[in-house]
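What follows is a set of notes on a single structure, which appears directly below.
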Amino acid sequence: MAAPVKLLMLENFIDGKFLPCNSYIDSYDPSTGEVYCKVPNSGKEEVHIRHSVFNMKLAMFHLSSFCHAGDESKVLHVLVKCSTPEIEAAVQAARGAFPGWSSKSPQERAQVLNRLADLLEQSLEELAQAESKDQGKTLTMARTMDIPRAVQNFRFFASSVLHHTTECTQMDHLGCLHYTVRTPVGIAGLISPWNLPLYLLTWKIAPAIAAGNTVIAKPSELTSVTAWMLCKLLDKAGVPPGVINIVFGVGPRAGEALVSHPEVPLISFTGSQPTAERITQLSAPHCKKLSLELGGKNPAIIFEDANLEECIPTTIRSSFANQGEICLCTSRIFVQKSIYSEFLKRFVEATRKWKVGIPSDPSACMGALISKEHLEKVRSYIKRARAEGAHILCGEGVDNLNLPPRNQAGYFMLPTVITDIKDESCCMKEEIFGPVTCVVPFDSEEEVIRRANGVKYGLAATVWSSNVGRIHRVAKKLQSGLVWTNCWLIRELNLPFGGMKSSGIGREGAKDSHDFFTEIKTITVKHE
Ligand code: NAD
């Protein structure tokens, strides 16, 4: 008989200590579909039942979902409340650590961030293995992008926090000097998604603590392992207890408790638009500072004078990197009519060479999608496109996927190219967040700008042309927080990152993150 599999058990990290939780969620290895880890399910539902004999009408109105007609004589007052003691404990720890941490000099805090970066770098291979197993991405991706970027996030903000300046103006005729100061906001609530787990979590933690805040982070319940591994390095790096607290769990319990907590004045969220809507509602009564980094439906616009030798491999990457699970991935490709057929032929050929394999395979370009539910959702978009009369040129339902027996139940799919699809189709409007891209022709510059802007999102766009004038013109008219021309995903961390329209509110970057994680105050001194 095979020995029982030993599951990895994660624990919350509060006030410098690992603490077990009362309940746990299963976490799956996307490449096999097997449970391999247990993630704390912080928070609990408490059911309060009370008999209510008066104000029957009102009670029935509120309890309509619990009572059947004719039950009026036995009305019960049922309240389902969610309490999250883990968030309460984290708030207490973060509150306690704030005076000490916020009064350190930027140089002292920078030293701690640099030490943490060094420790992460020393564990790069171990972290990359864990990220790849937890998320389904290729080990190559985790090794070359996710973990190096997490290291860089700490080094970058350790450096940039040393270089901020504030404003000063004078009113000589009134004998006044005015200047601004920036102070940390307090306890920062950080909520991150599953596609780039440690990369995006550290992109929030680093600027928040560099500015002197203490933090409570809630990583995605689907990918919590590397955040837990990060906690093991904090003490050695010199992060005082309570400065970084990590509470694991699901959005409606741990996430909402964090967002609703009156002592957490700021929420930095990266995730989907519907969750952002909920977070906005919960934050409104407290007037919280919000940064929302959301989804995209990113266009690539390819003009007839584009260099296809560079454009095709880059657009393959921009469509399918990380299984298409990057908010910046291209999912609508507009190609000028005169080169449409040639582009399509070469693009489909190149897509077929984008190898799907088990995450540890060094020749694999793409691993497994995050979950069974997500795989089904992505596939359902392809079904809908087919039902609408679109053509699936390669990938799902067209080509065969070969996987080792152990990975047959993993969440894999082939990169898929759709064409002959209308701009009004859901595949051209909604974020699919998988390895699926649509290719459509266009005639003129004005037409393609209008069509590219015709969705609710506005995160990233790519423009391919060798005409410099056109590049500047088109880039300026696109409703998009980021425009890459003749390239994709070259990031300059100093400059603002974020989306327009339903892709979010606020920007992140050296100055933008510092502004977000601090409060500004104007001080006037009358000296004459
Ligand atoms: P999601 O919104 O489902 O979850 C994101 C995080 O929010 C998770 O930690 C989740 O537990 C938490 N959450 C869920 N419900 C919550 C609630 N009611 N209250 C508080 N927290 C809650 O998103 P996801 O599926 O994890 O991530 C994919 C999405 O993230 C895509 O839309 C993608 O485009 C977007 N994304 C955006 C960026 C960006 O920088 N703009 C980067 C990466 C991912």
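We count ligands from 1, going down the list as the structure has it; atoms in each ligand are counted the same way. None of these values were measured; they are calculated from a predicted model. Numbering of residues begins at 1 and proceeds along the displayed sequence.
At the shortest separation from atom 24 (P) of ligand 1 among protein heavy atoms lies Trp194 NE1, 3.3 Å. Protein heavy atom in closest approach to atom 15 (N) of ligand 1: Thr275 CG2, 3.4 Å. For atom 42 (C) of ligand 1, the closest non-hydrogen atom of the protein is Cys327 SG, 3.0 Å. In terms of protein heavy-atom proximity, atom 37 (C) of ligand 1 is nearest to Leu294 O, 3.1 Å. The protein heavy atom nearest to atom 12 (C) of ligand 1 is Ile191 CG2, 3.6 Å. In terms of protein heavy atoms, atom 28 (C) of ligand 1 is closest to Phe433 CE2, 3.6 Å. In this structure, atom 11 (O) of ligand 1 lies nearest to the protein heavy atom Glu221 OE1, 2.7 Å. Among all protein heavy atoms, the one lying closest to atom 19 (N) of ligand 1 is Glu256 CG, 3.3 Å.
At a 4.0 Å heavy-atom cut-off, ligand 1 touches Leu200 through the side chain alone. Contact annotation for Glu431 and ligand 1: only side-chain heavy atoms (C-beta onward) come within less than 4.0 Å of the ligand. With a 4.0 Å cut-off on non-hydrogen atoms, Ala276 does not touch ligand 1 at all. Counting heavy atoms closer than 4.0 Å to ligand 1, residue Ser503 contributes nothing at all. Both the backbone and the side chain of Glu293 come within 4.0 Å of ligand 1, judged by heavy-atom distances. At a heavy-atom distance under 4.0 Å, no atom of Leu222 approaches ligand 1.
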Check: Which is it for Glu430 and Lys297 under the salt bridge (charged side-chain N to carboxylate O under 4.0 Å, His left out) test, yes or no, and what are the steps along the way?
Finding: CA-CA 7 Å; Glu430 294 170 21; Lys297 189 69 196 169; over 6 Å; no
Next item on the list: Could you go through the side-chain hydrogen bond (donor to acceptor under 3.5 Å, both in side chains) check for Gln281 and Glu277 one step at a time?
Entry: CA-CA 6 Å; Gln281 284 165 358; Glu277 229 174 282; 5.0 Å; no
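Considering Val259, Leu266, Ile505, Ile279 as possible partners of Leu290, the one that fulfils the side chain to side chain contact (heavy atoms under 4.5 Å, CB included) test is Ile279.
For the pair Arg95 and Phe98, the cation does not sit on the ring face, since its NZ or CZ is not both under 6.0 Å from the ring centre and inside 45° of the axis. In this structure, Arg317 forms no cation-pi arrangement with Trp484, as its terminal cationic atom is not both closer than 6.0 Å to the ring centre and no more than 45° off the ring axis. Taking the ring axis of Tyr28 as reference, the NZ or CZ atom of Lys372 does not stay both within 45° of it and closer than 6.0 Å to the ring centre.
Looking at Gly251, Gly295, Gly499 and measuring to atom 17 (C) of ligand 1, the nearest heavy atom belongs to Gly251. Considering Ala257, Gly271, Pro193 only, the shortest heavy-atom separation from atom 35 (C) of ligand 1 involves Gly271.
Using a 4.0 Å cut-off between charged side-chain N and carboxylate O, Glu325 and Lys137 make no salt bridge. Note on Arg155 versus Glu121: salt bridge recorded, some NZ/NE/NH1/NH2 to OD/OE distance being below 4.0 Å. Residues Lys429 and Glu424 are not paired through a salt bridge, judged by the lack of any N-O separation under 4.0 Å between the basic side chain and the carboxylate. Under 4.0 Å is where a charged nitrogen must lie from a carboxylate oxygen, and between Glu396 and Lys383 no such pair does.
Within ligand 1, counting atoms from 1 as listed, the ones closer than 4.0 Å to a heavy atom of Gly255 are 19 (N), 20 (C), 21 (N). Within ligand 1, counting atoms from 1 as listed, the ones closer than 4.0 Å to a heavy atom of Thr270 are 5 (C), 36 (N), 37 (C), 38 (C), 39 (C), 40 (O), 42 (C), 43 (C), 44 (C). Contact atoms of ligand 1 toward Ser272: 1 (P), 2 (O), 3 (O), 23 (O), 29 (C), 30 (O), 32 (O) (distance under 4.0 Å to a heavy atom of the residue). Set against the non-hydrogen atoms of Ser192, the atoms of ligand 1 under 4.0 Å away are 6 (C), 8 (C), 9 (O). Residue contact check: Phe497 has heavy atoms under 4.0 Å from atoms 40 (O) of ligand 1.
Using a non-hydrogen distance threshold of 4.0 Å, Pro219 registers as a contact of ligand 1. Residue contact check for ligand 1: Gly504 places no non-hydrogen atom closer than 4.0 Å to it.
The environment of NZ in Lys422 is sparse: at most 12 heavy-atom neighbours from other residues, nucleotides or ligands sit within 6.0 Å.
Side-chain contact check for Thr270 and Lys204: at least one donor-acceptor pair (N or O, by modelled atom type) lies under 3.5 Å.
A heavy-atom distance below 4.5 Å is not found between the side chains of Ser291 and Phe269.
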